[in-house]
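Since the structure is predicted, the reported quantities are computational estimates derived from the model, not experimental observations.
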Amino acid sequence: MSYDALFLNHLPQIEAIAAYVCRRYNCGTDEAEEFSAHVKAKLVADDYAILGKFQGKSRFETYLTTVITHLFLDWRNHLWGKWRPSAEAKRLGPVAVKLEELERDGLTFEESCEVLRTNHKVVLSRLELADLAAKLPPRVPRRMEGEDRLEGLAAAEPGPDERALAGELQEQRRRVWVALGKELGRLAAEDRLILKMRYEKDLKVVDIARALHVEAKPLYRRIERLERELRSALERQGIGRDAAREVLGSERE
């Protein structure tokens with residue numbers, strides 16, 4: 001099959017992959033259309049040189065996905081200038097650098113955690129990632145010219161008001177986790193361990209007591225005291241009681 005025929009036969013997949021990559025990186029409709037045209041121009045350039053590099057070591061669709069993703073990153077860097085991590089992120093290590101990059105791309109803290117765990121096999125807990133996020137300098141997420149995340153979405157999706165509210169709630173949750181990460185860093189090591197077992201592992205107090213070889217009744221009082229202290233600390237940072245309760249819980253066994 002000629003490269004011309006190969007390109008035409010896979011044109012629907014090429015357009016679908018380009019659209020997927022743009023959704024993944026939160027592009028607006030105009031940017032998605034521009035990038036799709038850019039991809040097709042690159043694939044046909046120099047007598048289909050990119051297609052000619054395919055060696056059959058993977059599925060052709062997999063090869064296209066890799067190529068189009070790299071094309072997007074190069075295209076974005078051309079528009080924005082190459083992104084560089086902050087000095088603090090580099091000091092904290094590769095996970096912090098990737099976390100900063102994901103937040104730069106407009107992902108929420110919750111989304112960044114999921115990407116780090118799923119795509120990059122990061123084993124740090126959410127609280128540990130929140131502690132990293134709290135140490136990173138504030139940076140405004142990069143946006144493409146004219147980007148509008150709400151534009152061009154299917155009518156079945158939530159409306160602009162619902163999306164705005166969801167965005168506010170996501171940002172609120174991120175602020176709670178970041179603030180919580182700061183406060184946990186001030187606790188004694190055993191108190192941090194107890195709270196992590198309680199909220200990350202979702203263990204009952206009796207199970208924590210059994211694991212730590214302590215009595216359950218005093219442990220209940222200790223956890224209640226720690227929760228009160230954390231809620232008060234979060235409120236001093238401007239985190240409302242309801243937002244704090246969403247993370248710390250209020251009705252646990």
Visitor: Could you walk me through whether Glu224 and Arg221 satisfy the salt bridge (charged side-chain N to carboxylate O under 4.0 Å, His left out) test, starting with their C-alpha distance in whole Å, then the side-chain angles of each, then the deciding distance to 0.1 Å, before giving a yes or no?
Guide: CA-CA 5 Å; Glu224 288 174 354; Arg221 292 196 293 269; over 6 Å; no
Visitor: Decide salt bridge (charged side-chain N to carboxylate O under 4.0 Å, His left out) for Glu235 and Arg231; before the verdict, give the C-alpha distance in whole Å, the side-chain angles of both, and the deciding distance to 0.1 Å.
Guide: CA-CA 6 Å; Glu235 287 175 14; Arg231 275 195 289 268; 6.0 Å; no
Visitor: Could you tell me whether Glu101 and Lys98 make a salt bridge, using a distance below 4.0 angstrom between a side-chain N and a carboxylate O?
Guide: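 A salt bridge is present here (some side-chain N lies under 4.0 Å from a carboxylate O).
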Visitor: Do Ser125 and Glu128 meet the criterion of a side-chain donor-acceptor pair at a distance under 3.5 Å?
Guide: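 Short answer, yes.
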Visitor: Can you confirm whether Arg222 sits close enough to Glu190 that some side-chain heavy atom of one is under 4.5 Å from a side-chain heavy atom of the other?
Guide: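 Sidechains of Glu190 and Arg222: in contact.
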Visitor: Quick one: does Arg192's side chain have a donor or acceptor within less than 3.5 Å of a partner on Leu187's backbone?
Guide: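 Indeed, once roles are kept as given, a pair shorter than 3.5 Å links the two residues.
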Visitor: Decide side-chain contact (heavy atoms from CB on, under 4.5 Å) for Ile223 and Leu219; before the verdict, give the C-alpha distance in whole Å, the side-chain angles of both, and the deciding distance to 0.1 Å.
Guide: CA-CA 6 Å; Ile223 290 175; Leu219 185 59; 4.1 Å; yes
Visitor: How long is the span from the NZ atom in Lys90 to the CD atom in Glu100, to the nearest 0.5 Å?
Guide: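 If we round to the nearest 0.5 Å, Lys90:NZ and Glu100:CD are 10.0 Å apart.
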Visitor: Quick one: does Glu61's side chain get under 4.5 Å of His10's, heavy atoms only?
Guide: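 SC-SC contact between Glu61 and His10 confirmed.
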Visitor: Kindly give the heavy-atom pair with the smallest separation between Leu136 and Ala96, and that separation in Å.
Guide: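 Looking at all heavy atoms of both residues, the shortest contact is CD1-O, 4.0 Å.
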Visitor: Side chains of Leu124 and Leu132, heavy atoms from C-beta outward: is any pair under 4.5 Å?
Guide: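 Sidechains of Leu132 and Leu124: in contact.
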Visitor: Is the closest side-chain heavy-atom distance between Ile14 and Phe7 below 4.5 Å?
Guide: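 In short, these two side chains touch, coming nearer than 4.5 Å.
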Visitor: Which heavy atom of Ala89 sits nearest a heavy atom of Val97, and at what distance?
Guide: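 Looks like O-CG2, 3.5 Å.
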Visitor: What's the separation between atom CG in Leu226 and atom CG in Asp191, rounded to the nearest 0.5 Å?
Guide: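 If I round to the nearest 0.5 Å, the distance is 4.5 Å.
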Visitor: Check whether any side-chain heavy atom of Val95 lies under 4.5 Å from a side-chain heavy atom of Leu129, and answer yes or no.
Guide: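 SC-SC contact between Val95 and Leu129 confirmed.
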Visitor: Output side-chain donor-acceptor pairs under 3.5 Å for residues 37-56, partner residues at least two apart or in another chain, one line each.
Guide:
residue : atom : partner : partner atom : Å
Lys40   : NZ   : Glu15   : OE2          : 3.1
Tyr48   : OH   : Asp4    : OD1          : 2.7
Gln55   : OE1  : Lys57   : NZ           : 3.2

Visitor: With Arg210 as reference, evaluate Ile208, Val214, Asp207, Leu212 under the side-chain contact (heavy atoms from CB on, under 4.5 Å) test and give the passing residue.
Guide: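 Of the listed options, the one satisfying the test is Asp207.
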Visitor: What's the separation between atom OG1 in Thr65 and atom NE2 in His70, rounded to the nearest 0.5 Å?
Guide: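 Result: 11.0 Å between the selected atoms.
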Visitor: Give a yes or no answer on whether the side chain of Thr62 reaches the backbone of Ser58 with a donor-acceptor pair at less than 3.5 Å.
Guide: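 Side chain of Thr62 to backbone of Ser58: no pair is present.
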Visitor: Under the criterion side-chain contact (heavy atoms from CB on, under 4.5 Å), I'd like the reasoning laid out for Ile17 against Thr69: C-alpha separation, chi angles, the key distance, then a yes or no.
Guide: CA-CA 9 Å; Ile17 293 168; Thr69 300; 5.7 Å; no
Visitor: Could you tell me if the side chain of Glu33 sits less than 4.5 Å from the side chain of Ser36, heavy atoms only?
Guide: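 No. Closest side-chain heavy atoms not under 4.5 Å.
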Visitor: Looking at Tyr20, I'd like to know if its OH atom is crowded, meaning that more than 12 non-hydrogen atoms belonging to other residues, nucleotides or ligands lie closer than 6.0 Å.
Guide: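 Open: at most 12 neighbouring heavy atoms sit under 6.0 Å from OH of Tyr20.
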Visitor: Rounded to the nearest 0.5 Å, how far does NZ of Lys204 lie from OH of Tyr220?
Guide: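 Answer rounded to 0.5 Å: 8.5 Å.
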Visitor: How long is the gap from CD on Glu34 to SG on Cys22, to the nearest 0.5 Å?
Guide: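 Atom-to-atom, Glu34:CD and Cys22:SG are 9.5 Å apart.
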Visitor: Provide the closest heavy-atom pair for Leu99 versus Ser112 in the form atom of the first, atom of the second, distance.
Guide: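 Residues Leu99 and Ser112, closest heavy atoms: CD1-CB, 3.7 Å.
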Visitor: Let me confirm one number: the CZ-CG distance from Phe35 to Leu71, rounded to the nearest 0.5 Å.
Guide: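 One finds 5.5 Å between CZ of Phe35 and CG of Leu71.
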